[in-house]
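Below is the structure I would like to discuss, written out as structure tokens.
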Amino acid sequence: MSPEQTTRTSKFLSLVLRHRPEEAQITLDPAGWTTVEALLAGCAKAGRPLSRTDLEQVVATNAKKRFEFSADGTRIRASQGHSVEVDLDYAPQSPPERLYHGTATRFLDSIRKQGLLKMQRHHVHLSAETKITMEVGARHGKPVLLTILAGEMHLAGHEFFRSTNGVWLVEQVPPQFIQFP
Ligand code: HQG
């Protein structure tokens, strides 16, 4: 597969495994899984035929490791980022002292008042790395980096989850745990 084909396929997989499974006529189980067989058949029906080898390549080379196979290789899901109702079943974990969130300057007034909200997604996404975070912010406008006092927030009783691909997930971040630049 060419890099362009890989990107196009990855975007389609994100669409059907996170947001609109009906586009490939598939259903996701409560934890977000579908069978590889159903997915490949669905991709073909949607006019985007994909071989198992190509699917494996997309999953293995995806820069953000967005997708995962079940241990026996028969099922696949997105590791995070859903808008459809799923319970990914991650166990709560202790976060590092500081985590980061990239956003756009135009959202700052609202974030100062409301804190970080999950918007269309299931969780607010936080990262342990500042570089990725600035790229995430730049998708929405002029990027700005927020530092999250994750250790304090955890002590105050907020649950933190970590997805298989290393994204930290929380219900919300109240303003008192956000350091603005
Ligand atoms: C902002 C990518 C106003 C929030 C990345 C963000 C990530 C508020 C936007 C994943 C707000 C939501 C998620 C408030 C939050 N007022 N704006 N109170 N609270 N916002 O796309 O974090 O490529 O849903 O700051 O790596 O940008 O999809 O979230 O700017 O992990 O695999 O509302 O997307 O991963 O935008 O990105 P999003 P996000 P993938």
Side-chain angles (χ1 to χ4, degrees), residues 3-21 23-24 28 31-34 39 55-69 76-90 92-93 95-96 98-150 153 156 158-181:
E4 293 75 27
Q5 277 172 319
T6 305
T7 304
R8 236 179 295 132
T9 303
S10 163
K11 288 198 168 159
F12 185 66
L13 293 179
S14 286
L15 175 75
V16 300
L17 294 176
R18 288 173 168 180
H19 310 296
R20 298 177 56 84
E23 298 270 331
L28 307 183
W33 298 101
T34 190
L39 177 65
L55 177 65
E56 281 169 3
Q57 189 199 322
V58 171
V59 172
T61 60
N62 188 262
K64 289 189 186 167
K65 297 267 175 260
R66 292 181 177 92
F67 316 107
E68 60 186 298
F69 287 112
I76 184 168
R77 74 173 181 181
S79 302
Q80 37 72 223
H82 301 76
S83 58
V84 295
E85 193 50 52
V86 288
D87 179 358
L88 298 169
D89 221 13
Y90 292 126
Q93 285 191 28
R98 296 273 186 282
L99 286 170
Y100 303 94
H101 178 88
T103 189
T105 48
R106 64 195 169 97
F107 298 146
L108 284 179
D109 283 349
S110 166
I111 294 172
R112 277 181 213 279
K113 289 194 200 104
Q114 304 180 312
L116 286 168
L117 304 177
K118 55 193 177 174
M119 315 308 271
Q120 308 315 321
R121 307 214 188 215
H122 279 219
H123 296 94
V124 174
H125 290 211
L126 305 175
S127 171
E129 280 176 55
T130 53
K131 179 174 172 288
I132 296 176
T133 312
M134 287 307 270
E135 289 165 11
V136 173
R139 298 181 316 161
H140 301 285
K142 187 168 183 282
V144 52
L145 181 75
L146 304 180
T147 301
I148 310 303
L149 304 175
M153 195 175 143
H158 293 266
E159 280 191 324
F160 284 73
F161 302 91
R162 190 170 178 273
S163 72
T164 315
N165 62 335
V167 176
W168 285 93
L169 306 168
V170 291
E171 230 356 77
Q172 54 154 319
V173 182
Q176 69 266 33
F177 300 111
I178 304 174
Q179 279 183 341
F180 293 87

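In listed order, ligands and their atoms are each counted from 1.
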Do you see a donor-acceptor pair shorter than 3.5 Å between the side chains of Gln120 and Ser83?
->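 The criterion, which ignores hydrogens and geometry beyond distance, is not satisfied for Ser83 and Gln120.
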Atoms in ligand 1 with a heavy atom of Arg18 nearer than 4.0 Å =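 Within the 4.0 Å cut-off of Arg18, ligand 1 contributes 28 (O), 32 (O), 40 (P).
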Could you tell me whether a side-chain N or O of Lys65 sits under 3.5 Å from a main-chain N or O of Ala60, the two making a donor and an acceptor?
->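 Answer holds: yes.
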Return the option from Gly166, Gly115, Gly81, Ala63 holding the heavy atom at the smallest distance from atom 18 (N) of ligand 1.
->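 Considering heavy atoms of Gly166, Gly115, Gly81, Ala63, the nearest to atom 18 (N) of ligand 1 sits in Gly115.
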Under 4.0 Å from ligand 1, counting heavy atoms only, is it the side chain of Gln120, its backbone, both or neither?
->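 For Gln120, there is no contact with ligand 1 at all, from either part.
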N/O donor-acceptor pair under 3.5 Å between Arg106 side chain and His140 backbone |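 Checked: pair present.
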Which protein heavy atom lies closest to atom 5 (C) of ligand 1, and at what distance to 0.1 Å?
->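 The closest heavy atom on the protein side is Val136 CG2, 3.5 Å.
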Of the listed options His140, Glu135, His101, closest to atom 4 (C) of ligand 1 (non-hydrogen atoms) |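 Among His140, Glu135, His101, the closest heavy atom to atom 4 (C) of ligand 1 belongs to His101.
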Indicate whether the side chain of Gln57 and that of Thr61 have a donor and an acceptor atom separated by less than 3.5 Å.
->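 Looking only at side-chain atoms, Thr61 and Gln57 do not form any donor-acceptor pair under 3.5 Å.
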Please write down residue, atom name and distance for the protein heavy atom closest to atom 35 (O) of ligand 1.
->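 Nearest protein contact, heavy atoms only, for atom 35 (O) of ligand 1 is Lys64 NZ, 3.6 Å.
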Among His123, Arg121, His122, Arg66, closest by any non-hydrogen atom to atom 21 (O) of ligand 1 |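 The nearest heavy atom belongs to Arg121.
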From the options Ile111, Leu117, Asn165, select the one whose nearest heavy atom is closest to atom 8 (C) of ligand 1.
->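 Looking at heavy atoms only, Ile111 sits closest to atom 8 (C) of ligand 1.
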Taking atom 3 (C) of ligand 1 as the reference point, the nearest protein heavy atom with its distance =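 Of the protein heavy atoms, Ser110 OG, 3.3 Å lies nearest.
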Which protein heavy atom lies closest to atom 7 (C) of ligand 1, and at what distance to 0.1 Å?
->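 Looking only at protein heavy atoms, the one closest to atom 7 (C) of ligand 1 is His125 ND1, 3.5 Å.
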Going by the atom numbers of ligand 1, which of them fall below 4.0 Å from some non-hydrogen atom of Gln114?
->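 So the atoms of ligand 1 that pass are 14 (C), 16 (N), 18 (N).
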In the protein, what heavy atom is nearest to atom 12 (C) of ligand 1, and what distance, to one decimal place, separates them?
->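 Ranked first by proximity to atom 12 (C) of ligand 1 is Met119 CG, 3.9 Å.
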Arg139 touching ligand 1 at heavy-atom level, < 4.0 angstrom =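 So Arg139 counts as touching ligand 1.
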Give a yes or no on whether a salt bridge exists between Glu4 and Arg8, defined as a side-chain N under 4.0 angstrom from a carboxylate O.
->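 Looking at Glu4 and Arg8, the cut-off is not met.
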Atom 1 (C) of ligand 1: the protein heavy-atom neighbour that sits closest, reported with distance to 0.1 Å =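 For this ligand atom, the closest protein heavy atom is Phe107 CD1, 3.8 Å.
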Can you check whether Lys118's main-chain N or O pairs, donor with acceptor, with His123's side chain at less than 3.5 Å?
->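 Checked: no pair found.
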Is there a donor-acceptor contact under 3.5 Å from the side chain of Tyr90 to the main chain of Thr164?
->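 Checked: pair present.
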Sub-3.5 Å donor-acceptor pair from the side chain of Arg77 to the main-chain atoms of Ala31, do we have one?
->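 Yes: the side chain of Arg77 pairs with the backbone of Ala31.
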Flag the pair Trp168 / Gln93 as yes when at least one side-chain heavy-atom distance between them is below 4.5 Å, and no otherwise.
->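 Touching, per the 4.5 Å side-chain cut-off.
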